[in-house]
There are 2 protein chains.
Amino acid sequence: MQKKRITLKDIARETGVHVSTVSRALDPVERKTITEEVAKKIQAAAESLGYRPNRIAAGLRTNRTMTVGVMIPDITNVIFPPILRGIESVLEPLGYASIIVNTDSERDREIRLLDVLRDRGVDGIIHAAVLRSDPSIASAAQDGLPVVTLNRKVEDSDIPYVINDEDAGICQMLRHLRELGHTRIAHIAGPQDLSTGQLRLAAFRRAAEDLDTEVDENLIVVATRFDEQEGARCLIELLASGKTFTAVLCANDRLALGAIEVLRERGIDCPRQVSVTGFNDMPFLDLIRPKLTTVRIQQHGAGRAAAEILLRLLNGETADDVDIETILPVELVIRESTAPCP
Amino acid sequence: MQKKRITLKDIARETGVHVSTVSRALDPVERKTITEEVAKKIQAAAESLGYRPNRIAAGLRTNRTMTVGVMIPDITNVIFPPILRGIESVLEPLGYASIIVNTDSERDREIRLLDVLRDRGVDGIIHAAVLRSDPSIASAAQDGLPVVTLNRKVEDSDIPYVINDEDAGICQMLRHLRELGHTRIAHIAGPQDLSTGQLRLAAFRRAAEDLDTEVDENLIVVATRFDEQEGARCLIELLASGKTFTAVLCANDRLALGAIEVLRERGIDCPRQVSVTGFNDMPFLDLIRPKLTTVRIQQHGAGRAAAEILLRLLNGETADDVDIETILPVELVIRESTAPCP
DNA sequence: GTAAATCATGCAATCGATTGCACATTTTCG
DNA sequence: CGAAAATGTGCAATCGATTGCATGATTTAC
């Protein structure tokens, strides 16, 4: 049914040369070994027949498919689409395509989907996982498959990784709150089995120490998911504890939005009575009132950076040649959800 | 460098049979032609060696890659991620992977990316484009490549398509506004070169006729993009025209949000003075005040439906066997941005 | 003017899995 | 018991492109 594709053989027949000659004439590197005139003729024939190389066949022979795998937890999480576009902006112009899979942060899925990618002979993988450990991707890298991780460092490996400077972000935010006069600062932390959750909590503690702010352990509540519902629950828990606080530094925007919602319901004015901050600067934030003060992380930029590193690996550079660590700067975005301590 | 993959040949050597026998033992369909005992042994060997079939090689031979292409305008547009998950929810369990490309609604990109997909031998394509016409995808379908379009019907072709019942949605929304007593109803239409923009405007006119509502052409403003900025611009234009209106039916949520923003700035109360409605029911809408009354379309469901149809095409059913048209029901979601006519 | 070097092209193997056909062995049945 | 049928396995071609090597033609060099 499918209309027959034009192959090298067709061009060879058409031009009266051998397929290997055709192959060479069409390969920019090998072309120079062919008479100019013949090459021209072959190219013309290829063009007029509408030849398109069969990457499957080439891939079988060369072991390069010009396809990369991208593993993310969940594409419906707004932070990932910009990352994907960032990756694409680097790889697509060079002829790479991306197979994207959602792991839902489940280890089983991750293992299975990794196989899905390897079975298809992807040339490399960008892994934007969030689980704090996973041996499968490490072992894939061990086998020689180029891998770059995003948002997370794989311990004890020489897999290059790209992360945002979360430490600096949390620290800047805490300093911002301190400068506004807040001293009783609560933290709604993210899930501790996710690297961002854990990282940001650790950063919060460190930042507090750096800024000589005492950390009241009762003012730290850990969410089980990064969503509004959990943000709400955590804030209710904070209120119920009876401990006073004038600011809440949340581990991400959605937690903050949930928290603000509860404050509103209880008639507590944000930012007049309690300041709330987020992290990530997700899209549409400026449509939600009060506009959230947050930390902007580079999403597109992170994707781009990861893709650029992967590219170097694909071109034969080893993990020794590239920087193992890429830390992207973040930016404090002060909007309306923070105000001086009452 | 890359650790050698186990191939059929390795298993054959290990078990002392021919590769073709191994191949058959590992193929659930062919397995029955092999002695039970031999098959068991081969499977055990495959298992213990950690064999993974090379889909590239199989794909070359069989012309099936178990990979599909998905073309969307822009993954950062919040309506697409759920569609992708919907597609994935059907195809992934069956062993399919998806190559996703962003066309940015540019014809050149679309043509190029279609080739990117075909070069990689995708078994089929789900095309969630928005341009009102494009010959390339039609010609691909003509060549026998299974194609399903989403959100748009390709004229003069037998390509199956999945759409949401936009007509019904617009009509229900208009009826809702009429029931609230509104008679002077403006429409902020989407870009007319995008199918949704055009479709919804046509639906608005039709619905008005059905409901015996006069359409004041001066109360129809066409946006050039589907975003808040354009929504704002269009509302300003409406206000400037001097024509009175008590409700604005917008072609999508973002236009509506932009419009509401302008109303707020001008001190016009929504919904007390002017009702505003959206379309799509995008995520996070319930975090934005006033909560937008809108039409919920099935995103995940649309992806699922498209994938199911594609699957039938992949399994050899022709366009004659499957329904060319799938129209998914929409749902009116009444929130806070609409109120009785003042 | 001939040997050597250079160049353009063809040949054939290869990547790994699939599959039609042939062959050998076993089973069935008259 | 012998021929026919059924069964299990091997052989080899195939998918399309790539590439090391061989070959023949041409140029260069002495």
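In this text the structure is predicted, and so the values were computed from the model without any measurement.
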- Whole Å only: how far is the NZ atom of A/Lys40 from the P atom of C/dT9? 14 Å
- Task: Keeping the roles fixed (side chain from B/Asp323, backbone from B/Glu325), state whether a donor-acceptor pair exists under 3.5 Å.
- Result: no
- Task: Please check the phosphate of C/dC7 (OP1 and OP2 only) for any side-chain N or O of A/Thr33 closer than 4.0 Å.
- Result: no
- Query: Has the side chain of B/Arg24 got a donor or acceptor atom sitting under 3.5 Å from an opposite partner on the base of C/dG20?
  - Reply: yes
- Item | Rounded distance (Å) that lies between atom P of D/dT19 and atom NZ of A/Lys32 | 13 Å
- What nucleic acid atoms does A/Ser23 come within less than 4.0 Å of, heavy atoms only: base, sugar-phosphate, or nothing? base
- Indicate whether OP1 or OP2 belonging to C/dG10 is found under 4.0 Å from a side-chain N or O atom of A/Thr21. yes
- Roughly, in whole Å, what's the span from CD1 in A/Ile11 to P in D/dG16? 13 Å
- Query: Hey, does the side chain of B/His18 come within less than 4.0 Å of D/dC11's phosphate (OP1/OP2), counting only N and O?
  - Reply: yes
- Task: Could you work out which one of C/dT14, D/dC21, C/dT18 sits closest to the side chain of B/Leu8?
- Result: C/dT18
- Query: In whole angstroms, how far is the C1' atom of C/dA17 from the CZ atom of B/Arg55?
  - Reply: 12 Å
- Task: Let me see the working for A/Arg55 and A/Met66 under side-chain contact (heavy atoms from CB on, under 4.5 Å), right down to the final yes or no.
- Result: CA-CA 8 Å; A/Arg55 284 209 190 281; A/Met66 295 302 282; 3.8 Å; yes
- Mapping B/Val19 and A/Thr7 to their closest nucleotides on DNA chain D, which lands nearer the 5' end? B/Val19
- Item | Atom-to-atom span, NZ of B/Lys9 to P of D/dA12 - whole angstrom | 15 Å
- Message: Whether the A/Arg120 and B/Thr67 side chains hold a donor-acceptor pair (N or O, under 3.5 Å, no angle test) is what I'd like checked.
- Response: yes
- Message: In this structure, how many angstroms lie between the C1' atom of C/dC15 and the CD1 atom of B/Ile56, rounded?
- Response: 11 Å
- Task: To the nearest Å, give me how far apart CG (A/Leu60) and P (D/dG16) are.
- Result: 12 Å
- Task: Report the residue (B/Ser20 or A/Ala58) whose heavy-atom-nearest nucleotide on DNA chain D is the more 5′ of the two.
- Result: B/Ser20
- Task: May I ask you to test the A/Glu92-B/Arg112 pair for a side-chain heavy-atom distance under 4.5 Å?
- Result: yes
- Query: Base, sugar-phosphate, or nothing for A/Val22, non-hydrogen atoms under 4.0 angstrom?
  - Reply: nothing
- Does a salt bridge link B/Asp119 with A/Arg5, judged by any charged N lying under 4.0 Å from a carboxylate O? yes
- B/Tyr51 OH to C/dT18 C1', in whole Å, measures 10 Å
